[in-house]
There are 2 protein chains.
Amino acid sequence: MSIADDFDLQNFLPYLLNQAAEESSLAFQQVYKDRYGMLRTEWRVLFHLGIYGRMTAKEIGSRSKMHKTKISRAVAKLAQRRFLTRERDANDRRVEYLELTTAGRQAYRDLRAVAADYDTRLTARFSAQEAEMLRKLLRKLAGGADG
Amino acid sequence: MSIADDFDLQNFLPYLLNQAAEESSLAFQQVYKDRYGMLRTEWRVLFHLGIYGRMTAKEIGSRSKMHKTKISRAVAKLAQRRFLTRERDANDRRVEYLELTTAGRQAYRDLRAVAADYDTRLTARFSAQEAEMLRKLLRKLAGGADG
DNA sequence: CGTTGTTAGTTACAAACTCAACTGTTAACA
DNA sequence: TGTTAACAGTTGAGTTTGTAACTAACAACG
């Protein structure tokens, strides 16, 4: 049974997806890490606020599917670096609105440009149809068990 | 720039790939974790040995692109649970051959069946052509910068 | 031989993640 | 009202990972 087991690990989707995700995140990770000392959770929160504007940690959680403790810690770091401000809701003081500062928006714009370039370079390996197909299929997988 | 920023996070490949990878690993992870208390690194090492047979940690590393410390720790745990044996090379005593025990092969076969079923279920969302295309494109991405 | 470099694999320590329990606040309803 | 449940977000303890330094064994070349 040692040699010639026929299971194809390289085609097992969870494995293949992880390999592709890791490989394709590497170079971008280098940028947000080296340039801003950020973690993955932190650029994600930054991007959510940059793209969608002022929102609560809860909302970031439901959009990104990140666990609330990750978000809490990412928000704390971004606040400490003055990339975002926190403001309590006057009517419901459990709720806190998060919003990027000028510095936060600058960092976001900078990284957004890097991300767009990087995505273009990744996508350049494929034809337009292939790229579109890939995104479509990935969205289907990302969408959940019945996506 | 708060509202209506037009960068599309859901279509940024590294992000999308990570979401898809996480989502599609979840249910399988549950199995190897609950059934054998394994981590991702551990089932990967188990599968490499199950599929390709006796080999060294070095070889697992070059096949899987996992870092050698991860492999070292995964091997230590699998050895401790008697899922594999280690045997020093007589000519070069830096080298150690790893091989699954009977228990290891059993666990591998069990998980291989689960993986195959799971992959079938994941793939069932797509047409045969789509599934093939997805794998092809992912392999291209996983292959590295010039893949 | 002996020094220097390389390789296989391990260990140490810090950073990051997970899970569960916690604080503080609002809602529900007897 | 008073008690209980639900909710937003935080904290802490234990686990896993990442980075770099380490050990042990071999190789190369004077």
Side-chain angles (χ1 to χ4, degrees), chain A residues 18-19 21-23 25-30 32-34 36-46 48-49 54-81 84-99, chain B residues 18-19 21-23 25-26 29-30 32-34 36-46 48-49 54-81 84-99:
Chain A
N18 264 297
Q19 299 272 91
E22 254 171 59
E23 177 65 36
S25 298
L26 248 175
F28 182 57
Q29 177 179 31
Q30 223 45 52
Y32 62 71
K33 194 176 156 194
D34 291 356
Y36 296 100
M38 282 187 194
L39 304 176
R40 190 162 46 172
T41 48
E42 291 161 27
W43 82 257
R44 283 190 181 184
V45 166
L46 186 83
H48 277 273
L49 293 172
R54 172 187 167 98
M55 62 166 77
T56 67
K58 180 83 199 295
E59 288 173 299
I60 294 175
S62 65
R63 279 182 190 273
S64 68
K65 289 171 190 164
M66 282 191 280
H67 191 90
K68 60 182 181 172
T69 63
K70 276 191 190 175
I71 296 171
S72 173
R73 283 170 175 131
V75 165
K77 263 215 180 133
L78 291 170
Q80 179 194 325
R81 289 174 194 173
L84 62 76
T85 55
R86 328 167 75 139
E87 191 196 340
R88 287 242 165 260
D89 183 302
N91 296 330
D92 185 343
R93 298 202 325 208
R94 291 171 303 184
V95 173
E96 207 173 44
Y97 295 105
L98 308 170
E99 190 167 16
Chain B
N18 265 297
Q19 299 273 90
E22 253 171 60
E23 176 65 34
S25 298
L26 249 174
Q29 178 179 30
Q30 224 45 51
Y32 61 71
K33 194 178 156 195
D34 290 355
Y36 296 100
M38 284 189 194
L39 304 176
R40 191 164 42 172
T41 48
E42 290 160 28
W43 81 257
R44 284 190 181 184
V45 166
L46 186 84
H48 277 273
L49 293 172
R54 173 187 167 97
M55 62 166 79
T56 67
K58 180 83 200 298
E59 288 174 298
I60 294 175
S62 65
R63 279 183 191 272
S64 68
K65 289 171 188 161
M66 280 193 279
H67 195 260
K68 59 182 181 172
T69 62
K70 275 191 190 173
I71 296 171
S72 173
R73 292 193 257 244
V75 166
K77 261 208 182 142
L78 291 171
Q80 179 194 326
R81 287 172 196 175
L84 61 79
T85 55
R86 326 166 78 140
E87 190 195 341
R88 288 242 165 257
D89 183 301
N91 297 328
D92 184 345
R93 295 197 332 203
R94 292 170 302 183
V95 174
E96 209 172 45
Y97 295 104
L98 308 170
E99 190 166 16

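Proteins come first, then strands; the chains are lettered A, B, ... in the order of their sequence lines, and each starts at number 1. The figures here come from the full heavy-atom set of this structure, side chains too, leaving out hydrogens, waters and symmetry mates.
- Straight-line distance from the CZ atom of B/R73 to the C1' atom of D/dT15: 11 Å, rounded to whole Å.
- Contact between the side-chain N/O atoms of B/K70 and the OP1/OP2 oxygens of D/dT17 is not found at any separation under 4.0 Å.
- Using a 4.0 Å heavy-atom criterion, one finds that B/D89 contacts no nucleic acid atom at all.
- Salt-bridge check for B/E42 with B/R81: passed, with a basic side-chain N closer than 4.0 Å to an acidic carboxylate O.
- With a 4.5 Å cut-off on side-chain heavy atoms, B/Y32 and B/R40 count as touching.
- The residue A/T69 sits close to a base: some heavy atom pair falls under 4.0 Å.
- Here A/R88 lies out of heavy-atom contact (under 4.0 Å) with every strand.
- Using a 4.0 Å heavy-atom distance criterion, B/R86 is classed as a sugar-phosphate-only contact.
- Residue A/L39 has its side chain nearest to C/dC17 when only C/dT10, D/dT19, C/dC17 are considered.
- Looking at which nucleotide of DNA chain D each of A/H67 and A/K33 is closest to, the 5′-most match is held by A/H67.
- Of the residues near DNA chain C, A/R40 and A/A90, the one whose nearest nucleotide (by heavy atom distance) lies more toward the 5' end is A/R40.
- Distances were taken from every side-chain heavy atom of A/R93 (C-beta onward) to each of D/dC26, C/dT26, D/dT17; the shortest belongs to C/dT26.
- Between A/R44 and A/I60, every side-chain heavy-atom pair lies at or beyond the 4.5 Å cut-off.
- Side chain of B/R94, nearest nucleotide from D/dC26, D/dA21, D/dT10: D/dC26.
- Counting any heavy atom pair closer than 4.0 Å across all strands shown, B/I71 reaches no nucleic acid atom.
- The residue B/K68 sits close to a base: some heavy atom pair falls under 4.0 Å.
- A/R54 has a carboxylate O that lies under 4.0 Å from a charged side-chain N of A/E87, or vice versa, which qualifies the two as a salt bridge.
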